[in-house]
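Would you mind keeping the following structure in view while I ask a few things?
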Amino acid sequence: MMQNGMDTVPQQNGTMHTNSTSSSNSHNSSSQTNTGGHQEESKTNLIVNYLPQTMTQEEIRSLFASIGEVESCKLIRDKVTGQSLGYGFVNYHRPEDAEKAINTLNGLRLQNKTIKVSYARPSSEAIKGANLYVSGLPKNMTQQDLENLFSPYGRIITSRILCDNITGLSKGVGFIRFDQRIEAERAIQELNGTIPKGSTEPITVKFANNPSNNNKAIPPLAAYLAPQARRFGGPIHHPTGRFRYIPLSPLSRYSPLAGDLLANSMLPGNAMNGSGWCIFVYNLAPETEENVLWQLFGPFGAVQSVKVIRDLQTNKCKGFGFVTMTNYDEAVVAIQSLNGYTLGNRVLQVSFKTNKSKAT
DNA sequence: CGACGGGACGC
DNA sequence: CGACGGGACGC
């Protein structure tokens, strides 16, 4: 499984089109002759993937210069953080050097990575966003099986099946990167929800997340909430000295006592989830959208997330939703103010979330 | 009257 | 308990 993806490198290494391409320099972006299929690849320009995080552009250049004279070399970095994105481009003067670089440097192990060296495709919009995420795969499906399943829909650039790090067994999840986005779209249409031969459950095929904007980062709001939680044993007086102005007038008379709110929230694992206070909102209209919750709760302070719970079939709101707020004091005020609030022709019920759930 | 998500990825 | 790779097209 080491050469995952490596063996999916375009097969036409140096053997494909013998008629010379228009140019072999790095500025080949001009010709956008999209003829349905993919464009001619440069014979000198390489893409290098899976570079070690610490490797600099100059280190890459010197590595590839050991093969032949390098015309240009570029390491792609995040434009805001400056961090290496783990891939780059090397353009040689001579096609034979590029071919030699593929033959000798592809699969080279550097630090913890095994780099991949292949011909770069001409940059174009059509090749972006062509990566698919596939789940529900039978555990015995191999990478080759996966490629066989998807290859009817286009040219596969990479494929991968995720395996458990310890057991090495398939997680039933994989990725397919097509050459063209259109190919990926077709594969979704044709394969999503289908049951592979020999399997019993349907697979899910969808576009993969973009690795650059995955918001895995936990907001740094959580840390300082924990020590404060110790204070909540006693009655709250004035949350933060004084209440902020609430632009919703006659609501508070419906509100339960703050002490009741507290009693609920003290139950472990309920409203307090470690990075905010989860609020249950009931009696929402079927057409309710997320923005309604944002507008309702936003005036009371920091809202981390909102969620309208919908029926899977009808896509209509099931009558309730959740709002997570960062600060306890603000959450209390929001609950006190919005519980009993009439939205449309419905009287909302708002409280800290409890642990209720359907089954069990 | 009714009623408390989630395709959470980690050991 | 299935869940975003090893940062894949010029940041």
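Below, read A as the first sequence line, B as the second, and so on, with proteins coming before strands; counting in each chain starts at 1. Just so it is clear, the model here is predicted, and its values are computed rather than measured. These values consider heavy atoms only, across backbone and side chains, with no hydrogens, waters or symmetry-generated copies.
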- Task: May I ask you to test the V350(A)-Y341(A) pair for a side-chain heavy-atom distance under 4.5 Å?
- Result: no

Given the options F300(A), F322(A), F352(A), W277(A) meets ring pair (Phe, Tyr, Trp, His ring centres under 6.0 Å) only with F352(A)

Using the aromatic ring of Y87(A) (for Trp, its six-membered ring), decide whether it stacks on the base of dA8(C) within the limits of 5.5 Å and 30°. no

In whole angstroms, the gap separating P of dC9(C) from CZ of F178(A) amounts to 16 Å

Face-to-face contact F89(A) to dG10(C) six-ring, under 5.5 Å, under 30°:
yes

Determine whether L348(A) and L296(A) make a side-chain contact, defined as any pair of heavy atoms from C-beta on separated by less than 4.5 Å.
yes

- Can you check whether K128(A) has a side-chain N or O nearer than 4.0 Å to OP1 or OP2 of dG10(C)? yes

Q) Considering only heavy atoms and no angle criterion, is a donor-acceptor pair shorter than 3.5 Å present between the side chain of R77(A) and the base of dC11(C)? A) no

Side-chain contact check for F320(A): nearest option of dG2(C), dA8(C), dC4(B) is dC4(B)

Exercise for review: Would you verify whether the NZ or CZ of R186(A) falls within 45 degrees of the ring axis of F178(A) while also being under 6.0 Å from that six-membered ring's centre?
Suggested key: no

**Request:** Compare side-chain N and O positions of K74(A) against OP1 and OP2 of dC9(C) and report whether any pair is under 4.0 Å apart.
**Result:** no

In whole angstroms, the gap separating C1' of dG2(B) from CG of L348(A) amounts to 15 Å

Rounded to whole Å, CZ of R310(A) lies from C1' of dG6(B) at a distance of 14 Å

Glycosidic torsion of dC4(B) (syn if within 90° of 0, anti otherwise) classifies it as anti

Among dG10(C), dA8(C), dG7(C), the one nearest any side-chain atom of Y50(A) is dA8(C)

Residue pair I176(A)/G172(A) against DNA chain C: nearer the 5' end by closest nucleotide is G172(A)

query = Roughly how far apart, to the nearest Å, are dC4(B) and dA8(C) at atom C1'?
reply = 42 Å

- Query: C1' atom, dG2(B) versus dG7(C): distance in rounded Å?
  - Reply: 48 Å

message: Please confirm whether the shortest side-chain N or O distance from K171(A) to OP1 or OP2 of dC4(C) is below 4.0 Å.
response: no

> So does N45(A) reach the base of dG10(C) with its side chain, donor to acceptor, closer than 3.5 Å?
Replying inline: yes

Regarding the side chain of Y282(A), the nearest nucleotide among dA3(B), dC4(B), dA8(C) is dA3(B)

Q83(A) CD to dG6(C) P, in whole Å, measures 18 Å

note: D78(A), atom CG; dA8(C), atom P; distance rounded to Å ~ 13 Å

Worksheet entry | Y133(A) over dC4(C), stacked by centroid distance under 5.5 Å, angle under 30° | yes

Winner on side-chain proximity to R177(A), out of dG6(C), dC9(C), dA3(B), is dC9(C)

Result for 5'-nearest mapping on DNA chain B, choosing between T204(A) and F280(A), is F280(A)

Is any side-chain N or O of S123(A) closer than 4.0 Å to OP1 or OP2 of dG10(C)?
yes

Looking only at dG2(C), dA8(C), dG7(C), the nucleotide nearest the N49(A) side chain is dA8(C)

Per atom distances to the A208(A) side chain, the nearest of dC4(C), dG6(C), dC9(C) is dC4(C)

Looking at R121(A), does any N or O in its side chain come under 4.0 Å of the phosphate oxygens OP1/OP2 on dA8(C)?
no

Assign the ring pair Y282(A) / F280(A) to parallel, tilted or perpendicular, where the plane angle (0 to 90°) is split at 30° and 60°.
parallel

Side-chain atoms of Q349(A) come closest, of dC4(B), dC9(C), dA3(B), to dA3(B)

pair N106(A)-I115(A): side-chain heavy atoms closer than 4.5 Å: no

What nucleic acid atoms does I47(A) come within less than 4.0 Å of, heavy atoms only: base, sugar-phosphate, or nothing? base

If we ignore angles and hydrogens, is there a donor and acceptor under 3.5 Å between the side chains of S151(A) and N148(A)?
no

When rounded to whole Å, the CG to C1' distance for the pair L132(A) and dA8(C) reads 14 Å

Does V173(A) share a hydrophobic cluster with I195(A), counting links as ILVMFWY side-chain heavy atoms below 4.5 Å and allowing steps through other members?
no

Taken to the nearest whole Å, CZ/R155(A) to C1'/dC9(C) is 12 Å

At 4.0 Å (heavy atoms only), tell me whether E201(A) reaches a base, stays on the sugar-phosphate, or touches nothing. base

Comparing nearest nucleotides in DNA chain B, the 5'-proximal residue of the pair K307(A), N283(A) is N283(A)

Between CD1 of I115(A) and P of dA8(C) the distance, given in whole Å, is 14 Å

- Interatomic distance at C1', dG6(C) relative to dC11(B), whole Å: 22 Å

Per atom distances to the I76(A) side chain, the nearest of dC11(C), dG6(C), dC4(B) is dC11(C)

